[in-house]
Protein chains: 2
Amino acid sequence: MSVTHTGVTAGAAELEPCGQPDHPDCGIRDVLDRVGDKWSVLVIVELAGGPRRFRQLQRAIDGISQRMLTLTVRRLERDGLVLRTVYPTVPAQVDYRLTETGASLTHLVKALADWSLEHRDGIARARRTYDDQHPEHEIR
Amino acid sequence: MSVTHTGVTAGAAELEPCGQPDHPDCGIRDVLDRVGDKWSVLVIVELAGGPRRFRQLQRAIDGISQRMLTLTVRRLERDGLVLRTVYPTVPAQVDYRLTETGASLTHLVKALADWSLEHRDGIARARRTYDDQHPEHEIR
DNA sequence: CTGGATCCTGTGGGATACTG
DNA sequence: CAGTATCCCACAGGATCCAG
């Protein structure tokens, strides 16, 4: 296991007081709602490589519609994770780059990616095993 | 910034080759599709505190429907992140606990939670600022 | 208590066409 | 190029009822 528990402020969130009625969100939700949708993460990943223009992003991120790219970068901008710069040229030119806050998220995304690479085979195997043992109904 | 880039295997995923057609998924997707939905994470967080029964989980995780709890915990089981144990009592009793793989994910979730706590105020401020400067249309 | 089966709605998100 | 505006639908997910 390569993802060890270092480098994270000790005990800032003890993971305990989440989900309760009196503690509706312990802050994870905010991030997760953003990290949750696939596009945001992929945009962040792409921007981790440096500033990108709109089309660059769209071409780099396979499968994203221009509508979703727009929405995604707008939300990231709104959250202060991405900086949007418009150059008043003709035709218009816009570039996006991570803010410092946004850049700090790439570390986590990277950790996620690492974890994923490490465990994807195991997960795939677990799924096959499970599906073999539960042939009847599709868990999905 | 407390989330530093230590403790993660160096360069396992360089974050570069993602999203391209020829590289449809670099493994992040698998995890993200699981981590992505709020319920999975909250279940993992709750189980990080030790084994829980079905009702315990449902009560601990405010707002989850029993249908979604079932689905969520089934998927986590299928992925080998959660172990489901049925005790043939009457009435039935089932407990869920994290597997080792699942437990290793809690570190990441914790890092996410820490990051979130650290930046939630900044993000909230950024949103207000953005919304003030863009009064017309709702980004959402 | 632990779910399975149904029904039903909201909305995330794709496709397409138009503008500056 | 960098978007905005519509139309539209598949599906996530809530509510409910039933069963072992």
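In the text below, chain A, chain B and the rest are named by the order of the sequence lines, each starting its count at 1. Since the model is a prediction, treat every value here as computed from it, not as a measurement.
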Rounding to an integer number of Å, can you tell me how far Gln58(B) CD sits from dT2(C) C1'?
10 Å
Any side-chain heavy atom of His119(B) within less than 4.5 Å of one from Ser104(A)?
yes
Using five base pairs at each end, measure the axis-to-axis angle across the helix from dC1(C)-dG20(D) to dG20(C)-dC1(D) and round it to 10 degrees.
50°
Round to the nearest Å and state the distance from Leu71(A) atom CG to dG3(D) atom C1'.
11 Å
To the nearest Å, give me how far apart CZ (Arg84(A)) and C1' (dT4(D)) are.
12 Å
With a 4.5 Å limit on heavy-atom distance, are the side chains of Asp131(B) and Arg78(A) in contact?
yes
Could you tell me the separation between the CD1 atom of Ile64(A) and the P atom of dG3(D), rounded to a whole number of Å?
12 Å
Any side-chain N or O of Arg67(B) below 4.0 angstrom from OP1/OP2 of dG4(C)?
no
Provide, to the nearest angstrom, the distance between the CZ atom belonging to Phe54(A) and the P atom belonging to dG20(C).
18 Å
Any Arg59(B) side-chain N or O less than 4.0 Å from OP1/OP2 of dT2(C):
no
Under 3.5 Å, is there a donor on one side chain and an acceptor on the other for Asp95(B) and Tyr87(B)?
yes
Check for me, please, whether Val86(B) and Phe54(B) land in the same ILVMFWY cluster - side-chain distances under 4.5 Å, paths through other members count.
yes
Short side-chain N/O contact from Tyr96(B) to OP1 or OP2 of dC1(C), under 4.0 Å:
no
Tell me whether the side-chain N or O atoms of Gln66(A) pair up with the base of dG14(C) as donor and acceptor below 3.5 Å, since no angle test is needed here.
no
Between dG13(D) (C1') and Arg75(B) (CZ): distance, integer Å
10 Å
Option among Arg52(B), Arg59(B), Arg53(B) that satisfies the salt bridge (Lys or Arg N to Asp or Glu O under 4.0 Å) test with Glu46(B):
Arg52(B)
Can you identify which nucleotide, out of dC1(C), dG3(D), dG14(D), has its nearest atom closest to the Thr70(A) side chain?
dG3(D)
For Thr99(B) and Leu83(B), the nearest pair of non-hydrogen atoms, with its separation, is CG2-N, 3.8 Å
Mapping Ala92(B) and Pro91(A) to their closest nucleotides on DNA chain C, which lands nearer the 5' end?
Ala92(B)
Minimum side-chain heavy-atom gap Val82(A)-Leu98(A) below 4.5 Å:
yes
Does dG3(C) have OP1 or OP2 under 4.0 Å away from a side-chain N or O of Arg74(B)?
yes
CD of Gln93(B) versus C1' of dG3(C): gap in Å, rounded?
14 Å
If the cut-off is 4.0 Å, is Arg53(A) near the phosphate of dC1(D), judged by side-chain N/O to OP1 or OP2?
no
In whole Å, what is the span from the CD atom of Gln56(A) to the P atom of dG3(D)?
13 Å
